[in-house]
Amino acid sequence: MGLIDRLLRFARQVVENVMRDVLGQVNVVDNLIQQTIQSFIREIVGGAWQGTAADEFVTKVNQVVNQQGFPMRDMVMDINTRLTSAIDVIDQADNNAHNVVNSLSDVFKGIF
């Protein structure tokens with residue numbers, strides 16, 4: 001394994017570790033936001049506001065949260081997808097380079 005291979009493997013591992021850490025942090029923030037919203041909803045349902053209007057408000061808040069999600073999470077997931085695609089491109093280029101080198105090696109072996 002050459003120096004370039006080791007550097008590519010190292011770079012790939014670094015990117016994968018960063019992606020894993022960022023996704024972990026996004027999940028922490030996402031859970032905190034969800035807990036805060038649910039706490040707010042429980043406060044409303046628990047007596048601060050009662051009746052049909054309160055129930056409709058809670059339903060609407062849940063719908064908005066579930067349908068729209070959290071833009072930050074979506075943005076990070078998009079970055080994660082793009083980084084994964086970049087890693088795939090690096091892997092493909094690395095494989096193509098190895099194939100070319102192997103083909104050239106076979107040609108030179110046939111000549112000499």
Side-chain angles (χ1 to χ4, degrees):
M1 179 182 307
L3 178 62
I4 301 263
D5 290 332
R6 287 190 294 252
L7 287 174
L8 285 174
R9 181 174 290 161
F10 175 73
R12 192 175 304 113
Q13 289 173 345
V14 168
V15 170
E16 288 171 351
N17 287 338
V18 167
M19 289 176 5
R20 187 173 26 258
D21 290 347
V22 168
L23 287 175
Q25 291 302 313
V26 166
N27 287 335
V28 167
V29 171
D30 190 38
N31 288 336
L32 185 59
I33 291 169
Q34 290 282 1
Q35 289 171 1
T36 302
I37 290 171
Q38 292 306 316
S39 173
F40 175 68
I41 289 172
R42 278 192 302 275
E43 186 176 320
I44 290 172
V45 173
W49 184 15
Q50 295 181 356
T52 306
D55 294 340
E56 289 175 11
F57 176 76
V58 169
T59 300
K60 185 67 174 173
V61 168
N62 281 325
Q63 286 175 347
V64 168
V65 169
N66 291 331
Q67 288 174 359
Q68 294 182 0
F70 299 102
M72 181 187 69
R73 178 184 57 209
D74 296 339
M75 181 183 69
V76 171
M77 294 303 290
D78 182 55
I79 291 169
N80 184 46
T81 300
R82 291 171 189 259
L83 286 172
T84 300
S85 295
I87 289 172
D88 292 343
V89 168
I90 290 170
D91 287 341
Q92 184 177 5
D94 190 33
N95 288 335
N96 289 343
H98 278 285
N99 290 339
V100 168
V101 169
N102 289 338
S103 294
L104 285 174
S105 175
D106 292 342
V107 167
F108 284 114
K109 285 178 185 175
I111 294 173
F112 299 106

* Sorted by first residue and then second, give each ring-ring contact (aromatic ring centres under 6.0 Å, His included) pair with at least one member in residues 84-106; sequence neighbours left out. =>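 ring-ring contact (aromatic ring centres under 6.0 Å, His included) check on residues 84-106 returns no pairs.
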So, taking the atom named [atom1] in [X] and the one named [atom2] in [Y], what distance separates them when rounded to the nearest 0.5 Å?
X: E56; Y: K60; atom1: CD; atom2: NZ; answer: 11.0 Å
X: N102; Y: K109; atom1: CG; atom2: NZ; answer: 8.0 Å
X: E43; Y: Q38; atom1: CD; atom2: CD; answer: 13.0 Å
X: N99; Y: L104; atom1: CG; atom2: CG; answer: 11.0 Å
X: R82; Y: T84; atom1: CZ; atom2: OG1; answer: 12.0 Å

Assigning hydrophobic clusters by single linkage (Ile, Leu, Val, Met, Phe, Trp, Tyr; side-chain heavy-atom cutoff under 4.5 Å), is [X] placed with [Y]?
X: V26; Y: I79; value: no
X: V76; Y: V18; value: yes
X: V14; Y: L23; value: yes
X: V101; Y: I90; value: no
X: V22; Y: M75; value: no

Is a side-chain donor or acceptor of [X] paired with a backbone partner of [Y] at a separation under 3.5 angstrom?
X: D78; Y: D74; result: no
X: S85; Y: T81; result: yes
X: T36; Y: L32; result: yes

* Asked: Taking the side chain as C-beta and beyond, is there a heavy-atom pair between D91 and R12 under 4.5 Å?
  ->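 Counting from C-beta outward, D91 and R12 do come under 4.5 Å.
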* With a 4.5 Å heavy-atom cut-off, do F57 and V61 have their side chains touching? ->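 Result yes, sub-4.5 Å side-chain heavy-atom pair found.
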* **Where R42 and Q35 come nearest, the two heavy atoms and their spacing** =>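 Of all heavy-atom pairs spanning R42 and Q35, the closest is NH2-O, 4.5 Å.
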